[in-house]
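Encoded as structure tokens, the structure appears first; notes follow it.
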Amino acid sequence: MTGTGDEKHYGESPDQGQDPERKNVPEKRKGPVLLRRDQVGTSTTDQRLLDTTGPTDWLHTDPWRVWRITSEFVEGFGALAELPPAISVFGSARTPVDSPEYAAGVAIGRALVDAGYAVITGGGPGAMEAANRGASEAGGLSVGLGIELPFEQGLNEFVDLGLNFRYFFVRKTMFVKYAQGFVVLPGGLGTLDELFEALTLVQTKKVTRFPVILFGSAYWGGLVDWLRDTLVAQGKASAHDLELFHVVDEIDEVLKIIAENRRPANEI
């Protein structure tokens, strides 16, 4: 079939059938995108990338924050993916070094390493430092997942593998994803936040059930009484929810509960 003079041959040169009025139409390609007429800009992609005089408002926009959040997940997953079986230990940053609670944290960190676990904490001072110290002194892997706060110092000196996060929810994901259990020492609002988030994830089956162990019945007893006598009694939670955690006073009990709930390596 032969062509006619009305056909538009876009691959031909201007003197081979192309409409003369289209000879001077501006045209530009940006990767797979074709731009013509008013859509054609005057700068190149490299020029815009390397231009240091442009505005910086984009650094504080939500789309940019999405990339920053994504980068934190990528860094966290990359750094922790090859961890051995681990236990997350929580507790107050305000726990004094010379207190029985600090000594218990050191002993728990050491015992977990002796049982074959890495120890993950929030990387701060107090109870977190105690658990990291026990793990480090026992020759195990001591991990600290810090958070950017206006009143917190950096990671404690006993952290062997440390990451600092901007976003709490990214950090919490790492605590849960790479731990086979939680040991919760006496702590404040941050500790309670991590405790109840873990219990909620287990209760709602968002994660495979893992042991949550509250260490120190004298400290946690009042909270447990309130959960039973108020929360459950008024129908705000089920009596079965009280079975989502254990309250213990001995390190041997911690190790026994963790051993009974240890998941096979191919399920971690």
Side-chain angles (χ1 to χ4, degrees), residues 80 83-147 152-163 171-172 174-176 178-196 198-199 210-224 244-263 268:
L80 303 175
L83 277 186
I87 302 295
S88 289
V89 181
F90 302 102
S92 175
R94 305 181 185 185
T95 300
V97 175
D98 58 354
S99 68
E101 292 173 1
Y102 187 96
V106 174
I108 288 171
R110 184 180 294 115
L112 289 172
V113 167
D114 290 342
Y117 294 95
V119 171
I120 304 173
T121 80
M128 294 174 281
E129 176 187 294
N132 284 134
R133 180 174 184 169
S136 180
E137 291 178 349
L141 181 54
S142 175
V143 181
L145 307 181
I147 185 70
E152 281 278 353
Q153 56 269 43
L155 299 173
N156 68 69
E157 63 180 300
F158 301 102
V159 169
D160 300 319
L161 173 59
L163 291 88
R171 180 185 187 227
K172 288 178 180 179
M174 304 303 155
F175 279 133
V176 174
Y178 294 104
Q180 290 203 39
F182 283 5
V183 176
V184 189
L185 300 171
L189 295 179
T191 303
L192 291 172
D193 175 50
E194 289 149 353
L195 166 62
F196 281 104
L199 293 177
F210 58 84
V212 178
I213 303 167
L214 308 184
F215 190 85
S217 59
Y219 186 85
W220 295 111
L223 175 63
V224 175
L244 297 177
F245 60 87
H246 310 264
V247 183
V248 305
D249 289 303
E250 302 295 332
I251 295 175
D252 286 345
E253 294 179 84
V254 173
L255 299 178
K256 179 181 178 182
I257 293 168
I258 291 174
E260 289 174 348
N261 291 272
R262 184 162 185 163
R263 302 196 302 273
I268 296 173

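It should be emphasised that the depicted structure is a prediction, and the values quoted were computed from it without experimental measurement.
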In Å, rounded to the nearest 0.5 Å, how long is the span from CZ of Phe175 to CZ of Phe182?
7.5 Å

Would you compute the distance between atom CG of Asp193 and atom CZ of Phe90 and round it to the nearest 0.5 angstrom?
9.5 Å

Please list, one pair per line, the donor and acceptor atoms closer than 3.5 Å that link side chains of residues 247-255 to other protein atoms, with sequence neighbours excluded.
residue	atom	partner	partner atom	Å
Asp249	OD1	Ser217	N	2.8
Asp249	OD1	Ser217	OG	3.1
Asp249	OD2	Ser217	OG	2.7
Glu253	OE2	Glu250	N	3.2

Would Asn261 and Phe210 count as a side chain to side chain contact (heavy atoms under 4.5 Å, CB included) here? Give the steps.
CA-CA 7 Å; Asn261 291 272; Phe210 58 84; over 6 Å; no

So, Asn132 and Ser142: side-chain donor and acceptor under 3.5 Å apart, yes or no?
yes

Between Tyr102 and Glu129, is there a side-chain heavy-atom distance shorter than 4.5 Å?
yes

The side chain to side chain donor-acceptor pair (under 3.5 Å) partners of Arg171 (sequence neighbours excluded) come to none

Can you find a heavy atom in the side chain of Thr121 that is under 4.5 Å from one in the side chain of Phe158?
no

Value for CZ (Arg133) from CZ (Arg110), rounded to nearest 0.5 Å, stands at 9.0 Å

Value rounded to 0.5 Å, distance of OG in Ser92 from CD in Glu101
8.0 Å

Shortest non-hydrogen contact from Ala131 to Val89?
CB-CG1, 3.8 Å

Going by heavy atoms in the side chains, are Val119 and Ile108 under 4.5 Å from each other?
no

Tightest non-hydrogen contact, residues Pro84 and Ala118, listed as CG-CB, 4.0 Å

Minimum heavy-atom distance Gly122-Leu155, with the two atoms named
O-CD2, 4.5 Å

Roughly how far, to the nearest 0.5 Å, is CD1 of Ile147 from CG of Leu163?
11.5 Å

Taking the side chain as every heavy atom from C-beta outward, state whether Val212 and Leu244 have any pair of such atoms under 4.5 Å apart.
no

When every non-hydrogen atom of Pro85 is compared with those of Gln180, the smallest separation belongs to CB-NE2, 3.3 Å

What residues, two or more places apart in sequence or in another chain, satisfy side chain to side chain donor-acceptor pair (under 3.5 Å) together with Ser99?
none

Please evaluate residues Leu80 and Ile120 with respect to the criterion side chain to side chain contact (heavy atoms under 4.5 Å, CB included), reporting the C-alpha separation (whole Å), side-chain torsions for both, the decisive distance (0.1 Å), and the verdict.
CA-CA 10 Å; Leu80 303 175; Ile120 304 173; 5.9 Å; no

So which atom in Pro211 and which in Ile257 form the shortest heavy-atom distance, rounded to 0.1 Å?
CB-CG2, 3.8 Å

Carefully, step by step, assess Trp220 and Leu195 under the rule side chain to side chain contact (heavy atoms under 4.5 Å, CB included).
CA-CA 12 Å; Trp220 295 111; Leu195 166 62; 4.2 Å; yes

Shortest non-hydrogen contact from Gly181 to Ile87?
O-CG2, 3.4 Å

Here's one to test your reading of the geometry: is the NZ or CZ of Arg262 within 45 degrees of the ring axis of Tyr117 and under 6.0 Å from its centre?
yes

Minimum side-chain heavy-atom gap Leu214-Tyr219 below 4.5 Å:
no

Measure the NE2-NZ distance between His246 and Lys256 for me, rounded to the nearest 0.5 Å.
11.0 Å

